[in-house]
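Per chain, numbering begins at 1; letters A, B, ... match sequence-line order.
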Protein chains: 2
Amino acid sequence: MKKRMFIGIDIGGTNMRAALIDKQGKILQLNKIPTDNAAGAENASKRLVETCRSLVQKSPEWGGNVVGIGMGVAGKINAKEGLVVFSPNIPCMRNYPLGIELEEGLSIPVVMENDANVFGIGENWIGAGHALDNWVGLTLGTGVGGCLILEGRLWEGDHLGFAAELGHIIVQPGGPLCNCGLRGCLEAHASGRALMQGVEEAVEQGALSNGPLFEKWQRNALNPKVIYECALQEDPTALKLFNRMGWALGLAIANLFTALGIRHAIIGGGVSASWDLFVGPLRESLANHSSFLSPEEMVILRSSLQDDAALVGAAKLAMDLTV
Amino acid sequence: MKKRMFIGIDIGGTNMRAALIDKQGKILQLNKIPTDNAAGAENASKRLVETCRSLVQKSPEWGGNVVGIGMGVAGKINAKEGLVVFSPNIPCMRNYPLGIELEEGLSIPVVMENDANVFGIGENWIGAGHALDNWVGLTLGTGVGGCLILEGRLWEGDHLGFAAELGHIIVQPGGPLCNCGLRGCLEAHASGRALMQGVEEAVEQGALSNGPLFEKWQRNALNPKVIYECALQEDPTALKLFNRMGWALGLAIANLFTALGIRHAIIGGGVSASWDLFVGPLRESLANHSSFLSPEEMVILRSSLQDDAALVGAAKLAMDLTV
């Protein structure tokens with residue numbers, strides 16, 4: 001009998017990645033194709049079906065058979081209807097039936113989830129959270145995604161179409177404007193976008209007017225990685241932004257630990273590559289804002305699956321729904 | 001066969017209340033005795049045993065038999081050891097084996113819980129939360145207590161000796177000093193103590209120097225109820241304090257709804273008698289700090305059991321553990 005295998009998909013603004021994954025969570029083959037928003041949703045959907053079909057065709061070589069597909073999307077989805085409702089990073093896909101097209105194109109069941117939730121499912125299964133009952137997950141990217149694993153399972157709340165939107169916890173009332181329209185959200189302090197906006201504001205206020213960071217800004221060559229490199233070279237504006245990121249993360253996590261009576265958090269996402277710069281201020285803020293736990297009791301872990309967390313989590317989601 | 005009955009106990013700084021309660025949660029008889037800190041813990045414990053014994057002796061008149069005792073304590077407890085560890089309002093009971101003495105004195109099993117948690121158990125059983133799966137509970141008293149009911153059960157987190165300490169969520173970093181030593185906690189805005197401190201500060205800063213509120217302060221006759229009455233008479237200092245209370249409650253509840261993906265909260269405790277003064281600002285703040293739910297979707301309920309919630313919840317706790 002052939003082994004049951006799965007395809008895990010991670011849909012991002014720049015790339016779409018699809019992987020053939022076995023039931024231990026091992027990635028057997030990974031395909032990466034550009035999202036290419038300019039070419040439109042239909043084009044992207046067709047190419048995604050094609051790349052998944054090639055994985056399905058490959059599976060016999062591994063002694064397997066693809067029985068389910070899981071997809072994580074950075075944005076709001078309607079899992080029941082197989083829709084990408086709205087994704088800020090994939091503007092072409094407003095109310096687009098990506099899940100349906102994939103399912104019909106391949107005749108294999110497809111499940112969809114928010115990208116921070118598949119991160120949580122992946123880390124919970126075979127990542128940094130595998131031995132933990134209860135933890136808070138944060139993904140630092142263009143925005144800040146969140147998930148809660150409670151009693152070993154992804155927490156889904158009242159099934160309101162969102163849960164654990166930890167990026168929109170308000171850490172500083174009246175603070176910096178967030179993409180969601182409110183002020184002072186965690187995301188407005190601890191995301192790639194917050195770093196970029198922080199530099200813009202420093203220039204506007206005259207606090208940044210020379211040096212490598214300013215030059216990059218002038219040449220329109222700024223991105224979170226550049227800001228990170230400038231901070232490593234001790235640019236005071238860049239350092240301040242990573243300190244603020246750590247402060248906000250520490251405060252948000254402290255509040256979540258106090259509210260939930262738990263003590264573990266796992267941080268992932270592309271911007272968490274700047275770990276060494278924000279984790280010090282994070283731990284300091286966590287200690288300063290906790291009245292029930294000592295610093296030693298509180299455990300902040302880095303994602304162990306890194307880029308693969310969403311792929312693996314999406315595959316696990318498909319696995320659990322096709323038993 | 002005799003009906004199984006329970007005693008629910010609520011230990012507060014001023015009074016100890018004990019009630020004979022049937023398995024539908026009906027209070028058959030309620031005894032109230034002063035806590036009398038000055039007379040010491042041993043004296044209080046002896047009198048509590050006596051009043052419970054009288055309830056045990058009364059139970060046959062109701063056709064019942066007391067098989068379990070539940071006790072809610074405003075403070076930190078060690079349920080396993082039957083200890084009151086520390087209660088700010090019952091200073092005489094530091095590390096006092098109140099649970100053990102009760103159990104030995106009556107030869108009936110005793111369980112203990114934090115008072116906000118028994119409030120949650122009571123409201124969840126036959127109160128405002130009885131039809132809800134997921135909700136946030138807040139008790140406004142001298143301090144602010146909290147509980148979380150998730151999937152119909154009291155959430156206990158990682159069993160760290162606390163959970164849902166919602167009074168110590170930080171809503172205003174660097175804000176007013178809290179009894180816990182941190183700044184900007186919900187409790188430092190939304191408790192009886194916060195109202196009292198708010199008046200003190202207004203006097204110190206010269207913002208309050210005449211009128212009925214000032215006169216009460218001068219005569220050392222201030223308490224939360226007096227501040228409430230002055231607010232009803234439109235004293236600007238008192239009104240400002242209830243506005244601040246509502247603002248902080250709204251922000252904290254918004255953050256909890258965002259983090260948990262839920263939409264119901266239940267508020268109780270003595271200071272919630274000032275409901276009409278803080279609920280307007282609360283709803284406004286809730287709307288202003290929520291990015292995922294509309295004001296219509298968010299439901300703020302008042303405790304329906306009021307003073308009885310803790311008694312009933314304590315009895316339910318005993319019931320569940322003596323099945």
Side-chain angles (χ1 to χ4, degrees), chain A residues 76 117 132-136 146-148 150-151 153 155-175 178-187 247-248 250-252 254-264 285 288-293 297-299, chain B residues 76 117 132-136 146-148 150-151 153 155-175 178-187 247-248 250-252 254-264 285 288-293 297-299:
Chain A
K76 195 175 175 184
N117 284 348
L132 303 175
D133 280 340
N134 301 306
W135 55 274
V136 169
C147 65
L148 289 175
L150 302 183
E151 295 181 344
R153 288 178 300 123
W155 172 253
E156 303 191 77
D158 278 335
H159 300 273
L160 302 171
F162 74 95
E165 281 291 351
L166 309 181
H168 300 286
I169 286 180
I170 293 167
V171 292
Q172 180 70 278
C178 184
N179 210 35
C180 74
L182 301 184
R183 286 193 170 274
C185 294
L186 175 59
E187 179 165 305
W247 172 84
L251 176 57
N255 276 348
L256 289 164
F257 285 178
T258 298
L260 289 164
I262 68 176
R263 63 187 190 89
H264 290 88
S285 167
N288 288 342
H289 295 123
S290 297
S291 38
F292 290 86
L293 291 167
E297 288 173 300
M298 296 184 282
V299 182
Chain B
K76 194 175 176 183
N117 285 347
L132 303 175
D133 280 339
N134 301 306
W135 54 275
V136 169
C147 65
L148 289 174
L150 302 183
E151 295 180 342
R153 287 178 299 123
W155 173 253
E156 302 190 77
D158 278 335
H159 300 273
L160 301 172
F162 74 95
E165 281 290 352
L166 308 181
H168 301 285
I169 285 181
I170 292 167
V171 294
Q172 181 70 277
C178 184
N179 209 36
C180 74
L182 300 184
R183 286 194 170 273
C185 294
L186 175 60
E187 179 165 304
W247 172 85
L251 176 57
N255 276 348
L256 289 164
F257 285 177
T258 298
L260 289 164
I262 68 176
R263 63 188 190 89
H264 291 88
S285 167
N288 289 342
H289 295 124
S290 297
S291 37
F292 290 85
L293 291 167
E297 288 173 300
M298 296 183 281
V299 183

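- Considering only heavy-atom pairs separated by less than 4.5 Å from chain B, the leading option among A:Gln172, A:His289, A:Glu297 is A:His289.
- Contacts between B:Leu148 and chain A at a heavy-atom distance below 4.5 Å involve the side chain alone, from C-beta outward.
- Interface summary for chain B: among A:Leu293, A:Asp133, A:Leu132, the most heavy-atom pairs under 4.5 angstrom belong to A:Leu293.
- Across B:Val136, B:Val171, B:Leu150, the residue that shares the most heavy-atom pairs under 4.5 angstrom with chain A is B:Leu150.
- Among all heavy-atom pairs drawn from B:Asn134 and A:Gly157, the shortest one is ND2-O, 3.7 Å.
- Between the CZ atom in A:Phe292 and the CG atom in B:Leu182 there is a gap of 9.0 Å [rounded to 0.5 Å].
- Under the side-chain contact (heavy atoms from CB on, under 4.5 Å) rule, B:Asn255 has a single partner from A:Leu186, A:Leu256, A:Ile170, which is A:Ile170.
- With a threshold of 4.5 angstrom between heavy atoms, B:Leu251 approaches chain A through side-chain atoms but not through N, CA, C or O.
- For chain A, the nearby parts of B:Ile262 are the backbone and the side chain; heavy atoms of each come within less than 4.5 Å.
- Nearest approach of B:Asp158 to A:His264, heavy atoms of both residues: OD2-ND1, 4.4 Å.
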- Message: If you apply the rule side-chain contact (heavy atoms from CB on, under 4.5 Å), what do you find for B:Leu260 with A:Leu260, and how did you get there?
- Response: CA-CA 10 Å; B:Leu260 289 164; A:Leu260 289 164; 4.2 Å; yes
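- One finds the CZ atom of A:Phe162 at 6.0 Å from the OG1 atom of B:Thr258 (value rounded to the nearest 0.5 Å).
- Between chain B and the residues A:Ala163, A:Gly181, A:Ala164, the largest count of heavy-atom pairs under 4.5 Å involves A:Ala164.
- Ranked by heavy-atom pairs under 4.5 Å with chain A, the list B:Gly146, B:Gly161, B:Pro173 is led by B:Pro173.
- Looking only at side-chain heavy atoms (C-beta outward), A:Phe257 and B:Leu160 stay at 4.5 Å or farther from each other.
- When heavy atoms are compared at a cutoff of 4.5 Å, B:Trp247 approaches chain A solely by way of its side chain, counted from C-beta outward.
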